[in-house]
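The structure appears below as structure tokens.
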Amino acid sequence: MAEINNFIKTIMEKDLKDGKVNQIVTRFPPEPNAYLHIGHARAIINDFELAKCFNGKTNLRFDDTNPVNEGEEYVNAIIEDLKWLGYTPDLICFGSDYFEKTYEKAILLIKKGLAYVDDLSQDDMTKYRGTLTEPGINSPFRNRTIEENLNLFERMRNGEFKDGEKTLRAKIDMSSPNINMRDPVMYRILHVSHHRTKDKWCIYPMYDFAHPLQDAFEGVTHSLCSIEYDNHRPLYDWFVEKCEMEHVPHQYEWGRLNITNTIMSKRYLRQLVEGNYVIGYDDPRMPTLVGLKRKGFTPEAIKEFILYTGLSRINSTTDAENLDYFLREDLKLKAIRPNAIINPLKVVIDNYPENQIEWLDASNNMENEQLGTRKIAFGKYLYIEQDDFMEEKINKKWKRLSLGLEVRLMHAYFIKANSVEKDENGNVTLVHCTYDPKTKSGSGFDERKPNGTIHFVEATTSLKATFNLFNPLIFDETEETKGQSFIERLNKNSWEIKHGYVESSLADCKEGTHYQFVRNGYFCVDKDSKKSNLIFNRTCGLKSSFNPNTNN
RNA sequence: UGGGAUAUAGCCAAGCGGUAAGGCACCAGAUUUUGAUUCUGGCAUUCACUGGUUCGAUCCCAGUUAUCCCAGCCA
């Protein structure tokens, strides 16, 4: 695996060397209200790998301070995703585990005159907050006595007020140019049942107040988050200091990772699922970890991708090509390489006996002998790929079958095309060939070189199969699609289905097994596959394709 | 428009005062029973721009420009 190396690691090394910390402790803090996607994978992998570098620890802490939309379903899914990526947290905990301790710290701030109960309505609070260019105005409730605040806050907890009636706010500076410092809300009233604490609480702490305290309670040394929290760091530090936390955690930010042609926002992903535009969160076109897994991605490929892509404070958009590369790289030696024909063209070997099938030895992966060999069938009737035949060789680069030319059928014989049959539209429906028995694979025959090597499947023994070809769910922003909603821009051809044939050795293939089909890329057996109707999901394409019409 | 962050090739990304790492993509050639893989070579005289300091600047300073984030009782 690639060695992790980024600016956060440099910071950690220095902190350790300077004796600022004795052990690195990080945390991955998802809110349990969505499925994890490739963007989260970046946080997970960096959190865990950085700690691992220094024999540190990493906690999985569910940030469940807003019971609306949060739930058990997501908690379990996130734990499963982490397991799939190969990470075991040193501690699994919840923000709600600290509700009591967090409440006590709020009391402390009230007693220090640094927090107050506010009666302002939501609309008024917005007005009092000011704008980006104008300072805010102090709330008329800002100078309540400590006793009054203590009393009111306790009554908030006891459920004496309705949602939105009161809030607890930190008393900082309404004229701060950093809007986060303009008396941020610490607690709001929500008469909502929490998935873990049920109805015990009706006031819930806000992220800005809860998060730094949780980090401090757990002894987190390096609290890593994305760059949009940069503006929150002064507040983070303010709460840690004013709450007199024994342990002082520090927040560091990195840029978000986007991938070309990929929708990553929680809101959009939810819209896709709820609007039935995709099968579910594990639809192979989704950038969720479960989706990538079902499409055929391996955790190793995702890790390598993240580590090689690096980390900086810039929000970046990486070409999806990079993701594909690391999957190809991982699968190269793992995948079995059987024959599959996606767009079949019939071939008949005129000089081969009727009703005879020959079973030939074929290597599963010539670069990895450990994957063994299998038997493939050869007979009078074959299927080849339509793209592999052209009546006339139109240019020097053409390395496939044409009339009068000879090609090697992989793992089998040389065949020569002699004539074709066509339908009423002039399309080739059958190619008449002859084979040369002397050219059998492995015989060492080298008297003449074929025009190329193509793959095939024997017609009578092959199995029918369905191939799922996935394209990006959305188009790039173009002139025509500009201004359209995201749903309107959905790629109508994001899922193409092809029906073809695979060799008989795939009769007992298992879900999740990877195959590389020659010139068609890598495929993974989908969970819906049954022997009678094999289903393969394309995981990624090969590196380059050849278009006979555009090459000279 | 106030504050903050960022700017290195088509895309990521090292570099932290001594003369531009690496990966993807791309191009050329060799090998090849996959037009894949593998191998070999090529790919920033310049670091958003303009000045300044310095023997010397991607790096320090000043100004300019561009992009992103912040006005939830979301996280």
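Residue numbers start from 1 in every chain, and the chains themselves are labelled A, B, ... in the order their sequence lines are given, proteins ahead of strands. For the numbers below, each heavy atom of this structure counts, side chains included, while hydrogens, waters and symmetry mates do not.
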Per the atom types in the model, does the base of [N] pair as donor or acceptor with the side chain of [X] at under 3.5 Å?
X: A:Ser441; N: B:U33; result: yes
X: A:Asn231; N: B:G3; result: yes
X: A:Asn322; N: B:C12; result: no
X: A:Arg188; N: B:G72; result: no

Let's see if you can work this out: which of [options] has an atom nearest to the side-chain heavy atoms of [X]?
X: A:Lys397; options: B:G72, B:G35, B:U37; result: B:G35
X: A:Ser312; options: B:A75, B:C70, B:A14; result: B:A14
X: A:Glu321; options: B:A25, B:G4, B:G2; result: B:A25
X: A:Asn66; options: B:A13, B:U33, B:C74; result: B:C74
X: A:Met206; options: B:C74, B:C70, B:U33; result: B:C74
X: A:Lys543; options: B:C12, B:A36, B:C70; result: B:A36
X: A:Ile314; options: B:U34, B:A71, B:U8; result: B:U8
X: A:Asn180; options: B:C70, B:A25, B:U34; result: B:C70
X: A:Pro177; options: B:U34, B:C73, B:G3; result: B:G3

### Task
Starting from the C-alpha separation in whole Å, work towards a yes-or-no answer on side-chain hydrogen bond (donor to acceptor under 3.5 Å, both in side chains) for A:Tyr98 and A:Glu218.
CA-CA 10 Å; A:Tyr98 307 103; A:Glu218 279 171 24; 2.5 Å; yes
### Query
Partner of B:A5 by Watson-Crick or G-U wobble geometry, both contacts under 3.5 Å, or none?
B:U67
### Task
For B:C39, give its Watson-Crick or G-U wobble partner with both distances under 3.5 Å, or none.
B:G29
### Task
Evaluate the ring-ring contact (aromatic ring centres under 6.0 Å, His included) criterion for residues A:Phe239 and A:His211: first the C-alpha distance (whole Å), next the side-chain angles of each, then the deciding distance (0.1 Å), finally the verdict.
CA-CA 10 Å; A:Phe239 278 127; A:His211 205 92; over 10 Å; no
For [N] and [M], measure between their [atom1] atoms and round to the nearest Å.
N: B:A5; M: B:U38; atom1: P; value: 43 Å
N: B:A71; M: B:A13; atom1: P; value: 26 Å
N: B:A7; M: B:U58; atom1: P; value: 16 Å
N: B:C70; M: B:A36; atom1: P; value: 45 Å
N: B:A9; M: B:G22; atom1: P; value: 16 Å
N: B:U33; M: B:C27; atom1: C1'; value: 27 Å

Donor-acceptor pair, [X] side chain versus [Y] backbone, under 3.5 Å?
X: A:Thr167; Y: A:Tyr187; result: no
X: A:Ser443; Y: A:Lys440; result: yes
X: A:Asp173; Y: A:Arg182; result: no
X: A:His191; Y: A:Phe161; result: yes

Would you tabulate the nitrogen or oxygen pairs shorter than 3.5 Å linking the protein to nucleotides 29-32 of chain B?
none

### Message
Once you apply a heavy-atom cut-off of 4.0 Å, does A:Ser121 come out as touching a base, just sugar-phosphate, or nothing?
### Response
base
### Task
Report which part of the nucleic acid A:Leu120 touches: base, sugar-phosphate, or nothing (heavy-atom distance under 4.0 Å, all strands).
base
### Query
Start at the 5' end of RNA chain B and walk down; is the nucleotide closest to A:Arg337 or to A:Gly164 reached first?
A:Arg337
### Query
If you find the nucleotide of RNA chain B closest to A:Gln516 and the one closest to A:Arg313, which residue's nucleotide is nearer the 5' end?
A:Arg313
### Query
Does a donor on one side chain sit under 3.5 Å from an acceptor on the other, for A:Asp361 and A:Thr373?
no
### Message
So that I can tick it off, tell me whether A:Lys449 and A:Glu406 are bridged by a salt bridge, with the cut-off set at under 4.0 angstrom between side-chain N and carboxylate O.
### Response
no
### Message
I'd like to know if A:Arg155 and A:Glu160 make a salt bridge, using a cut-off of under 4.0 Å between side-chain N and carboxylate O.
### Response
yes
Kindly give the atom pairs (protein nitrogen or oxygen, nucleotide nitrogen or oxygen) under 3.5 Å for nucleotides 38-41 of chain B.
unit_1 : atom_1 : unit_2   : atom_2 : d
B:U38  : OP1    : A:Lys332 : NZ     : 3.0

Are any protein N/O atoms closer than 3.5 Å to N/O atoms in nucleotides 20-22 of chain B? If there are, list each pair with its distance.
none

